[in-house]
Trainee: 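First, the structure itself, so that you have it in front of you.
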Amino acid sequence: MKCILVFIFICVVSVIGFTIYRLKKPQNYISPVAKDSIEMQTAELLAGSDGAFVYKFITTDKYKKLKLHIYRYESGKLSDQDKVEMGFEDSGSPKSGEIVMVPDFDNYVIKLIISGDGNKLSTEIPILENVEDREYYGRAATEIKNVVDVKYNEQQPLIAFVYDNDEMSVPTLDDFINSQIDFLSKNDYVYYVAFEFCK
């Protein structure tokens with residue numbers, strides 16, 4: 001009987017200890033906002049026909065910058081790269097925030113908003129510049145699907161926008177993670193966005 005009680009006691013203490021560890025452990029992640037949430041439905045209504053892509057991030061660690069790296073591929077070759085960054089050296093890094101991307105095909109831009117703890121940055125990423133008959137291009141996007149742990153000082157895939165005038169090959173973000181990028185040559189234009197939290 002004593003052995004059974006000791007065993008139950010050890011199990012209970014282990015469960016409580018694991019729960020406390022999980023609650024106290026740093027929480028650093030980014031995830032897409034649920035498509036059926038009111039927040040996302042509102043964003044979709046405001047966004048137009050191409051929809052909106054909204055990501056929430058939680059970070060209990062301090063960091064100095066949030067960067068979005070933007071890579072443009074033409075027929076499989078990297079033709080341009082740029083970055084958008086938001087610095088927090090003076091104000092302190094936000095513990096939570098959002099990254100919003102809204103493709104506006106009518107104006108050939110992707111609207112980008114980064115916000116957190118009262119800070120806000122907004123800009124536009126031009127797409128299909130000087131491309132003939134671009135109004136006839138098909139479009140698709142692939143994004144992270146679940147919660148992704150933040151790895152500091154490392155680029156991590158967020159989303160890829162694909163544009164093609166005939167047959168497109170839509171990748172998964174795992175293709176980028178595993179460097180399987182054959183699909184790039186099958187599409188006319190790919191705009192790949194990676195995020196990076198910098199300490």
Side-chain angles (χ1 to χ4, degrees), residues 30-33 35 39-57 65-87 97-116 120-146 148 154-198:
I30 186 167
S31 65
V33 173
K35 296 290 183 192
E39 182 180 13
M40 193 64 189
Q41 288 175 5
T42 304
E44 294 273 359
L45 281 172
L46 296 172
S49 61
D50 287 324
F53 301 87
V54 183
Y55 310 93
K56 282 190 173 292
F57 61 85
K65 289 181 182 176
L66 170 54
K67 295 181 184 177
L68 289 184
H69 300 268
I70 302 144
Y71 298 91
R72 177 184 171 188
Y73 293 89
E74 286 184 46
S75 300
K77 295 186 178 155
L78 181 63
S79 64
D80 190 28
Q81 63 185 73
D82 199 0
K83 72 179 170 213
V84 175
E85 62 181 61
M86 200 168 177
E98 290 184 342
I99 298 171
V100 181
M101 302 190 81
V102 180
D104 181 354
F105 191 72
D106 293 336
N107 294 303
Y108 304 105
V109 295
I110 298 169
K111 296 174 183 174
L112 167 65
I113 300 167
I114 305 171
S115 64
K120 183 178 175 185
L121 178 148
S122 64
T123 188
E124 293 182 342
I125 302 164
I127 57 170
L128 302 179
E129 292 180 288
N130 305 315
V131 175
E132 282 187 37
D133 299 323
R134 60 187 181 176
E135 63 271 21
Y136 302 114
Y137 273 60
R139 54 224 193 241
T142 183
E143 62 176 332
I144 59 173
K145 299 294 181 194
N146 301 306
V148 175
E154 185 178 318
Q155 290 187 36
Q156 296 176 259
L158 182 65
I159 190 168
F161 296 96
V162 181
Y163 299 91
D164 198 282
N165 67 352
D166 45 33
E167 184 179 340
M168 72 173 55
S169 172
V170 181
T172 68
L173 285 184
D174 287 340
D175 294 328
F176 284 101
I177 294 168
N178 300 319
S179 299
Q180 301 293 320
I181 52 176
D182 294 342
F183 70 88
L184 286 172
S185 60
K186 298 173 186 170
N187 295 296
D188 292 335
Y189 297 92
V190 176
Y191 296 82
Y192 163 59
V193 181
F195 67 90
E196 180 182 9
F197 287 83
C198 304

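Residues take their numbers from the sequence shown, with the count starting at 1.
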Trainee: Students often mix this up, so state it plainly: with edges at 30° and 60°, are the rings of Tyr71 and Tyr192 parallel, tilted or perpendicular?
Mentor: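 Tyr71 and Tyr192: parallel rings.
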
Trainee: Among all residues two or more places apart in sequence or in another chain, which pass the ring pair (Phe, Tyr, Trp, His ring centres under 6.0 Å) test with Tyr189?
Mentor: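 Residues passing ring pair (Phe, Tyr, Trp, His ring centres under 6.0 Å) with Tyr189: none at all.
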
Trainee: Can you see which heavy atom on Ala52 is nearest to which on Val102, and at what distance?
Mentor: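 Minimum heavy-atom separation between Ala52 and Val102: CB-CG2, 4.0 Å.
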
Trainee: Mind checking salt bridge (Lys or Arg N to Asp or Glu O under 4.0 Å) for Lys56 and listing every partner two or more places apart, or none if nothing turns up?
Mentor: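 Here the qualifying residues are Glu39, Glu98.
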
Trainee: Establish, yes or no, whether a centroid distance under 6.0 Å links the rings of Phe57 and Phe197.
Mentor: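 Yes; Phe197 has its ring centre under 6.0 Å from that of Phe57.
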
Trainee: Testing the basics here: between Tyr55 and Pro32, what is the closest heavy-atom pair and its distance to 0.1 Å?
Mentor: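 Heavy atoms of Tyr55 and Pro32 come nearest at CD2-CA, 3.7 Å.
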
Trainee: Say whether, by atom type as modelled, one donor and one acceptor occur between the side chain of Ser79 and the main chain of Arg72 under 3.5 angstrom.
Mentor: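 Yes, the answer is positive, given that a donor and an acceptor are paired below the 3.5 Å cut-off.
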
Trainee: Give, for atom CD of Glu124 and atom CD1 of Ile110, the distance between the pair rounded to the nearest 0.5 Å.
Mentor: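 Taking CD in Glu124 and CD1 in Ile110, the distance rounds to 10.5 Å.
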
Trainee: Just to verify, what does Asp104 make a side chain to side chain donor-acceptor pair (under 3.5 Å) with, not counting sequence neighbours?
Mentor: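 Here the qualifying residues are Asn107.
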
Trainee: Can you list everything that forms a salt bridge (Lys or Arg N to Asp or Glu O under 4.0 Å) with Glu196? Sequence neighbours excluded, please.
Mentor: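 Glu196 satisfies salt bridge (Lys or Arg N to Asp or Glu O under 4.0 Å) with no residue once adjacent residues are dropped.
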
Trainee: Please tell me if the side chains of Ile30 and Ile99 come closer than 4.5 Å, counting only heavy atoms from C-beta onward.
Mentor: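 Yes. Closest side-chain heavy atoms under 4.5 Å.
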
Trainee: State whether the number of non-hydrogen atoms from other residues, nucleotides or ligands found under 6.0 Å of Lys111 atom NZ is greater than 12.
Mentor: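 Count not over threshold, so no.
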
Trainee: Which heavy-atom pair separates Ile144 from Pro157 by the least distance, and what is that distance?
Mentor: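 Heavy-atom minimum between the residues: CG2-O, 3.3 Å.
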
Trainee: Hey, what do you get for CG (Leu121) to CG (Leu112), rounding to the nearest 0.5 Å?
Mentor: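 The CG atom of Leu112 is 6.5 Å from CG of Leu121, to the nearest 0.5 Å.
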
Trainee: What heavy-atom pair brings Gly51 and Pro103 nearest, and what distance separates the two atoms?
Mentor: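 Smallest heavy-atom distance, with atoms named: O-CD, 3.5 Å.
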
Trainee: If you compare all heavy atoms of Leu78 against all heavy atoms of Asp80, which two are closest, and at what distance to 0.1 Å?
Mentor: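 Taking Leu78 first and Asp80 second, the nearest heavy atoms are CD1-O, 3.4 Å.
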
Trainee: Got a sec, which pairs hit salt bridge (Lys or Arg N to Asp or Glu O under 4.0 Å) with one end in residues 125-139, sequence neighbours left out?
Mentor: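 Of all non-adjacent pairs touching residues 125-139, those that pass salt bridge (Lys or Arg N to Asp or Glu O under 4.0 Å) are Asp50-Arg139.
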
Trainee: For Leu68 and Leu158, work out which heavy atoms get closest and say how close.
Mentor: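 Heavy-atom minimum between the residues: CD2-CD2, 4.3 Å.
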
Trainee: Keeping the roles fixed (side chain from Asp188, backbone from Asn165), state whether a donor-acceptor pair exists under 3.5 Å.
Mentor: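 Indeed, once roles are kept as given, a pair shorter than 3.5 Å links the two residues.
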
Trainee: Side chain to side chain donor-acceptor pair (under 3.5 Å) with Lys65: which residues, sequence neighbours excluded?
Mentor: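 Side chain to side chain donor-acceptor pair (under 3.5 Å) check on Lys65 returns Glu85.
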
Trainee: When rounded to the nearest 0.5 angstrom, what is the spacing between OH in Tyr108 and OH in Tyr137?
Mentor: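 Rounded to the nearest 0.5 Å, the OH-OH separation comes to 10.5 Å.
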
Trainee: Keeping the roles fixed (side chain from Tyr191, backbone from Leu128), state whether a donor-acceptor pair exists under 3.5 Å.
Mentor: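 Indeed, once roles are kept as given, a pair shorter than 3.5 Å links the two residues.
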
Trainee: Are Tyr163 and Val131 side-chain neighbours, meaning at least one heavy-atom pair lies under 4.5 Å?
Mentor: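 No, side chains not in contact.
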
Trainee: Working to the nearest 0.5 angstrom, can you tell me the gap between Lys67 NZ and Phe195 CZ?
Mentor: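 Lys67 atom NZ to Phe195 atom CZ measures 14.0 Å (nearest 0.5 Å).
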
